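Comments concern the structure below.
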Amino acid sequence: MGKGQGKGKKGKGKKGKGDREYENGEQPPVRDTVGWVDPRLNGGRLIDYVTKKVGEPLNIIISSLSDPYILTENGLHNYVKSIGFSEECLGLHYGYIHEADLGDGLGRKPEQFLGRQDYFPIMGTCWESVRGGHHFRAWKQNGTEANSGAWFLGASEEMDSSKNHMIVEDGYNRGRDYIVNQVTQITHWKGMWWKGEVEWREGLLERGSRGVNHDIEQDGRVAILTITRL
């Protein structure tokens, strides 16, 4: 069983050492998944780290059953262009570097890719940095303890720069759902065509806002995406 994300409420009965409560829809770690490994099995979690106390939900998993090209970093960068995302404005990073522990033995590692909504031809992702919109952070699960090759994404929708890129109300659910809607359509980039299928999982995340950045509630659902080349 993975390490706990926090102690349960008192007064609910005795528990053995190392036990924890699963509340608000979260269930114990899942074994024998195909195409990804539940980070909680090895002490990880599906919330990243913004500070020691709060983080943002990893609400999308791109399964390693997907097109092998997408599972490479260069391939992911190119694929997301087909769904309306691209690299950061002028290649410059704005804001905090988030970390995530995917339970793969590598511990907390910094985000490998931050994709922003591309408002082409209006200044591309530079316009997203000003106007706000959808974005995601991505980490690959590739350590020796869980070398699935899957991508774990934290998606959200943010406000414009005058609001310091705060997450909009319901922004974690909205960001996830926007990407799922894009992925499950037929998309293409430079002669490559793809279509994704989604499996919805509940129980990997706790519903609500406990431990979530900006105290914004999210529904606890995680989209497992399998993207194939057409």
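Since this is a predicted model, take the numbers as computed values, not measurements. Note that these values count all heavy atoms, side chains included, but never hydrogens, waters or copies made by symmetry.
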Separation between OG1 of T184 and CD1 of I83, rounded to the nearest 0.5 Å: 10.0 Å
Test: D101 and R40 ion pair at under 4.0 Å: no
Under 3.5 Å donor-acceptor, T226 side chain and L65 backbone: no
salt_bridge(K109, E111) N-O dist < 4.0 Å: no
Spatial distance of atom CG (L76) from atom CH2 (W151) [nearest 0.5 Å]: 5.0 Å
N42 side, atom CG; L106 side, atom CG - distance, nearest 0.5 Å: 11.0 Å
Any donor-acceptor pair under 3.5 Å from K140 side chain to L71 backbone: yes
Beyond-backbone contact of L204 with R221, side-chain heavy atoms, under 4.5 angstrom: no
Residue pair I60 / L225, side-chain heavy-atom distance below 4.5 Å: yes
Geometric class of the H134/Y178 ring pair [parallel <30°, tilted 30-60°, perpendicular >60°]: parallel
Donor-acceptor under 3.5 Å (R45 side chain, D48 main chain): yes
Ring pair (Phe, Tyr, Trp, His ring centres under 6.0 Å) between Y79 and W194, intermediate numbers included: CA-CA 8 Å; Y79 169 71; W194 296 277; 5.1 Å; yes
side-chain contact (heavy atoms from CB on, under 4.5 Å) evaluation trace for V34 with W36: CA-CA 6 Å; V34 179; W36 58 283; over 6 Å; no
Qualifying residue, where the test is side-chain hydrogen bond (donor to acceptor under 3.5 Å, both in side chains) with Y172 and the options are Q218, E56, E157, H214: E56
Donor-acceptor contact present, side-chain E26 to main-chain R207, <3.5 Å: no
Separation of D32 CG from D38 CG (nearest 0.5 Å): 11.5 Å
Nearest non-hydrogen partners of I47 and G211, listed with the distance: CG2-O, 4.2 Å
side-chain contact (heavy atoms from CB on, under 4.5 Å) between I224 and W200, worked out: CA-CA 6 Å; I224 314 296; W200 290 101; over 6 Å; no
With P57, the side chain to side chain contact (heavy atoms under 4.5 Å, CB included) member among I216, L205, V222: L205
Intermediate values then yes/no, salt bridge (charged side-chain N to carboxylate O under 4.0 Å, His left out), R176 and D219: CA-CA 11 Å; R176 176 202 61 206; D219 60 17; 2.7 Å; yes
Full working for ring pair (Phe, Tyr, Trp, His ring centres under 6.0 Å) between F113 and F136: CA-CA 8 Å; F113 178 34; F136 68 85; 5.5 Å; yes
Pair D104-Q141, side-chain donor/acceptor within less than 3.5 Å: no
More than 12 heavy atoms from other groups under 6.0 Å of CD on E169: no
Electrostatic pair R210:E217 at N-O distance under 4.0 angstrom: no
Sequence neighbours excluded, every pair satisfying salt bridge (charged side-chain N to carboxylate O under 4.0 Å, His left out) that has a member inside residues 57-78: D67-R229
Inter-residue atom distance R137.CZ - E99.CD, 0.5 Å rounding: 12.0 Å
Spacing of OG belonging to S66 relative to CD1 belonging to I61, to within rounding of 0.5 Å: 11.0 Å
